Amino acid sequence: MTGKQKKIYLETYGCQMNVADSELINGILNREGYASTDNIAEADVILVNTCSVREHAEQRIYGRLGEFKSIKKRNPGVIVGLLGCMGERLRSRLRQENSKGVGECVDIIVGPDEYRKLPTLIQDAWHGERGIAVQLSRVETYDDITPLRTNGISAWISIMRGCDKFCSFCVVPFTRGRERSRPLKGIVAETVSLAEKGYREITLLGQNVNSYRDGEMSFPGLLKAVADVDPQIRIRFTTSHPQDMSDGLIDIIAATPNVCKYIHLPVQSGSDRILSLMNRNYDTNHYKKVIGKIAERIPGVCLSTDIISGFPSETEEDHLRTISLMEEIRFDGAFMFKYSARGNTAAYAMKDDVPGEIKTERISQIIKLQNKISREINESLIGRQFFVLAEGVSKKSPRQWHGRTDGNKMVIFDEGNYRAGDYVRTKITRVNSATLFGSPPVPSDHHNGGADS
Ligand code: 5AD
Ligand code: SF4
């Protein structure tokens with residue numbers, strides 16, 4: 001059996017890296033003649049690209065595997081594949097479970113560095129073989145694979161894979177392996193091809209983009225090279241690590257109009273004692289200094305962060321330090337998580353001793369405070385105008401459009417005579433903590449998206 005006419009249904013969980021990986025997976029399979037489908041009922045192959053970063057993510061995926069199992073009962077010819085971090089992390093357990101439970105329906109398990117083997121593994125599965133490919137690589141960057149993208153405006157490019165930081169809570173160095181950078185040449189060539197196809201926004205992705213290296217070239221050089229391809233394309237990047245946020249990088253962001261003035265800089269905790277236990281390699285003093293430099297050199301910059309609440313041994317005092325750091329920095333947004341113990345990590349050996357109800361109480365305080373700060377910051381933007389990259393019709397209300405500002409804020413604005421991919425000038429009329437509402441947009445020409453007015 002060949003890939004011809006066979007339909008693949010691929011479901012994606014987790015971070016933006018996984019979203020980008022799913023486009024690579026579709027690219028690999030498309031090349032072999034497989035077609036993608038959004039309709040699971042007509043799929044010949046069901047793939048799930050998984051996330052292991054928190055227990056909750058894995059629980060949801062186990063739930064989905066249960067549903068795939070009943071699909072397979074009705075239609076035993078369907079192949080089910082478990083891809084990504086969870087496949088890597090739980091390979092032996094899933095293999096044991098293959099004889100019973102939810103693992104029973106899994107025909108193939110493929111880790112993040114083995115997606116090239118997918119076509120062969122699927123073929124073998126049709127001949128009754130259960131395949132597993134979970135080797136991690138020091139070199140694989142899928143440099144020559146063209147991702148199959150569905151959004152025609154905004155694209156991801158993975159510039160690196162893996163992570164060598166070994167933050168004590170994090171499973172990523174174990175599931176995605178050693179850090180490696182994709183060669184600059186391929187990244188720039190892909191940017192040129194996206195520009196020719198009319199893309200308007202590119203996000204450079206890596207677990208730690210500031211450790212990007214290709215020979216003499218470091219991340220600021222890559223960022224500049226990508227931004228120079230087409231000044232009409234907005235460039236974003238994520239994630240940055242506070243330890244490596246260099247002056248050179250801050251200067252490039254400040255000086256390059258089409259590099260978005262938006263930085264996601266995970267702080268994780270406001271307590272130096274906890275940061276040290278987390279093996280983050282910086283303290284709050286360093287973090288605040290970096291933020292100070294960013295704010296000074298990039299006026300109007302938008303900042304977001306990640307926070308973990310309830311790390312082992314976290315006291316009320318540690319928690320209050322996180323609260324006061326948030327009050328001091330006033331992030332535009334934050335991704336906030338309860339600590340979740342992950343096997344293999346250094347923190348797994350520490351006692352997960354913050355009781356569940358205290359974690360819940362602390363995280364809800366943190367979320368409440370962040371919502372208040374986000375709303376206050378957004379309220380201060382009422383009456384101002386922003387260039388918004390129009391992405392399409394709003395899901396919630398069809399007479400409205402949605403798009404993002406340079407600072408990555410979502411704007412809902414009235415429909416008008418524009419197309420997806422236009423930069424539309426919008427005046428902000430009302431806000432909540434998550435969204436700006438703009439009306440009425442004044443017609444405007446294409447704009448490089450750099451400066452708001
Ligand atoms: N528990 C809770 N949150 C975690 N993150 C990573 N590992 C864990 C964990 N074990 C969060 C961090 C990271 C983000 C991607 O996910 O905040 O920055
Ligand atoms: Fe995980 Fe830390 Fe690497 Fe981010 S930098 S992926 S949190 S180990």
Side-chain angles (χ1 to χ4, degrees), residues 13-21 50-60 84-86 88-89 112 136 158-181 203 205-212 219 237-245 263-271 274-282 286-287 290 303-314 318-319 322 325-326 331 333-354 356 358-360 362-363 366-367 370:
Y13 291 82
C15 63
Q16 293 169 338
M17 289 292 290
N18 261 16
V19 177
D21 277 3
T50 62
C51 172
S52 287
V53 79
R54 282 169 292 276
E55 175 72 28
H56 178 69
E58 290 192 348
Q59 288 310 333
R60 277 174 65 204
C85 288
M86 208 172 148
E88 194 66 49
R89 198 177 89 77
L136 288 169
S158 302
I159 62 164
M160 320 171 61
R161 302 184 69 81
C163 183
D164 286 350
K165 294 278 185 203
F166 289 92
C167 299
S168 66
F169 52 79
C170 186
V171 78
V172 166
F174 304 95
T175 60
R176 287 186 161 270
R178 297 289 56 77
E179 184 175 285
R180 68 217 94 118
S181 297
T203 304
L205 291 178
Q207 240 72 47
N208 267 305
V209 290
N210 356 53
S211 8
Y212 178 87
F219 183 62
F237 58 91
T238 198
T239 299
S240 305
H241 193 291
Q243 193 191 355
D244 315 317
M245 195 71 208
I263 300 175
H264 179 64
L265 199 62
V267 67
Q268 313 295 4
S269 170
S271 156
I274 296 291
L275 285 174
S276 161
L277 288 174
M278 285 177 164
N279 192 29
R280 288 289 288 180
N281 282 310
Y282 58 82
H286 171 82
Y287 188 88
V290 172
L303 296 168
S304 62
T305 199
D306 291 346
I307 292 173
I308 296 177
S309 179
F311 186 84
S313 85
E314 187 189 74
D318 295 317
H319 166 64
T322 298
L325 184 89
M326 292 170 72
F331 295 101
F335 301 92
M336 300 157 281
F337 312 102
K338 283 194 236 180
Y339 170 72
S340 167
R342 311 312 288 134
N344 273 335
T345 63
Y348 194 69
M350 306 174 196
K351 204 162 159 234
D352 186 7
D353 56 358
V354 179
I358 297 204
K359 279 186 192 165
T360 303
R362 287 181 188 165
I363 198 75
I366 286 171
I367 292 170
Q370 184 55 48

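The structure presented is a predicted model; accordingly, all values stated were derived computationally and were not measured. Counting convention: from 1, in listed order, for ligands and their atoms alike. Because only heavy atoms are used, hydrogens play no part in the values below, and waters and symmetry mates are left out as well, while side chains stay in.
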Notebook entry, point to check: When you measure from atom 9 (C) of ligand 1 to every protein heavy atom, which one gives the shortest distance, and what is it?
Noted result: S340 O, 3.6 Å
Notebook entry, point to check: Cation over ring, R54 on F337, under 6.0 Å and within 45°?
Noted result: yes
Next item on the list: May I have the step-by-step check of side-chain contact (heavy atoms from CB on, under 4.5 Å) for R176 and C163, ending in yes or no?
Entry: CA-CA 7 Å; R176 287 186 161 270; C163 183; over 6 Å; no
Checklist line | Qualifying residue for side-chain hydrogen bond (donor to acceptor under 3.5 Å, both in side chains) with D318, from S269, S271, S313 | finding: S271
Next item on the list: With heavy atoms only and a cut-off of under 4.0 Å, state how F337 meets ligand 1: side chain, backbone, both or neither.
Entry: side chain
Notebook entry, point to check: For atom 14 (C) of ligand 1, what's the nearest protein heavy atom and its distance?
Noted result: D306 OD2, 3.4 Å
Check: Hey, which atoms in ligand 1 end up nearer than 4.0 Å to a heavy atom of K338?
Finding: 1 (N), 2 (C)
Check: Heavy atoms, side chains only, cut-off 4.5 Å: are V171 and E88 in contact?
Finding: no
Checklist line | Residue portion contacting ligand 1 (non-hydrogen atoms closer than 4.0 Å) for R54 | finding: side chain
Check: In the shown structure, where waters are left out, how many protein N, O or S atoms lie under 2.8 Å from atom 2 (Fe) of ligand 2?
Finding: 1
Notebook entry, point to check: So which protein heavy atom does atom 12 (C) of ligand 1 come closest to, and at what separation?
Noted result: Q268 OE1, 3.5 Å
Notebook entry, point to check: At a non-hydrogen distance cut-off of under 4.0 Å, which region of V53 contacts ligand 1 (side chain, backbone, both, or neither)?
Noted result: both
Margin query: Is it true that, when you exclude Y348 itself, more than 12 heavy atoms of the residues, nucleotides or ligands shown sit nearer than 6.0 Å to its OH?
Written below: no
Notebook entry, point to check: Are there more than 12 heavy atoms of other residues, nucleotides or ligands under 6.0 Å from atom CZ of R60?
Noted result: no
Note to self: For E55 and K338: C-alpha separation, side-chain torsions, deciding distance, then whether salt bridge (Lys or Arg N to Asp or Glu O under 4.0 Å) applies.
What the structure shows: CA-CA 10 Å; E55 175 72 28; K338 283 194 236 180; over 6 Å; no
Margin query: So Y13 and T50, do their side chains get closer than 4.5 Å, heavy atoms only?
Written below: no
Check: So, Q243 versus K165: side-chain donor-acceptor pair below 3.5 Å or not?
Finding: yes
Notebook entry, point to check: Is there a nitrogen or oxygen of F169 sitting under 3.5 Å from a nitrogen or oxygen of ligand 1?
Noted result: yes
Item checked: Minimal non-hydrogen separation, I263 against S240, with atom names -> CG2-OG, 4.4 Å
